[in-house]
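Numbers here are sequence positions counted from 1. These numbers come from a predicted model, not from an experiment. Hydrogens, waters and symmetry mates play no part in the numbers below; they use all other heavy atoms, side chains included.
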Amino acid sequence: MKKLGYLISIVGLIGLVYTGINYINNTEHISALGLEVTVSQGDPMPMIISAVVLIAGVLIAFAAKNK
């Protein structure tokens, strides 16, 4: 069970990093009158799901460790 928790944590971490990189790269830069404006158009839902999976994996690993 402990190994399963670690595996789920690693999958959540990889998903969080991957979606975070895509979220950062999905931006638009607009320059007008000497001002530069950056607009992100990403969907934060995959990042939230990855974070939940990461937290669930850590909780499973700690629950198995305490038994």
Side-chain angles (χ1 to χ4, degrees):
M1 195 67 163
K2 190 172 157 182
K3 290 180 183 180
L4 178 65
Y6 288 141
L7 180 65
I8 292 172
S9 298
I10 291 170
V11 169
L13 183 64
I14 290 170
L16 192 63
V17 169
Y18 180 72
T19 56
I21 290 172
N22 286 339
Y23 190 76
I24 290 171
N25 287 339
N26 193 12
T27 60
E28 291 183 17
H29 301 283
I30 302 168
S31 296
L33 301 172
L35 297 174
E36 186 171 326
V37 178
T38 304
V39 178
S40 293
Q41 295 181 342
D43 181 20
M45 198 57 160
M47 290 181 68
I48 294 170
I49 293 171
S50 297
V52 168
V53 170
L54 175 64
I55 292 169
V58 169
L59 291 176
I60 291 170
F62 279 127
K65 184 177 180 182
N66 291 333
K67 285 186 177 183

K.L.:
Specify the closest pair of heavy atoms between Ser31 and Glu36, including all atoms of both residues, with the distance to one decimal.
P.N.:
OG-CG, 3.9 Å
K.L.:
Please tabulate, for the side chains in residues 4-16, all donor-acceptor contacts under 3.5 angstrom to protein atoms that are two or more places apart in sequence or on a different chain.
P.N.:
unit_1: Ser9; atom_1: OG; unit_2: Gly5; atom_2: O; d: 2.8
unit_1: Ser9; atom_1: OG; unit_2: Gly57; atom_2: O; d: 3.4
unit_1: Ser9; atom_1: OG; unit_2: Val58; atom_2: N; d: 3.0

K.L.:
Could you pull out all residues at least two apart from Leu59 that satisfy side-chain contact (heavy atoms from CB on, under 4.5 Å)?
P.N.:
Ile55
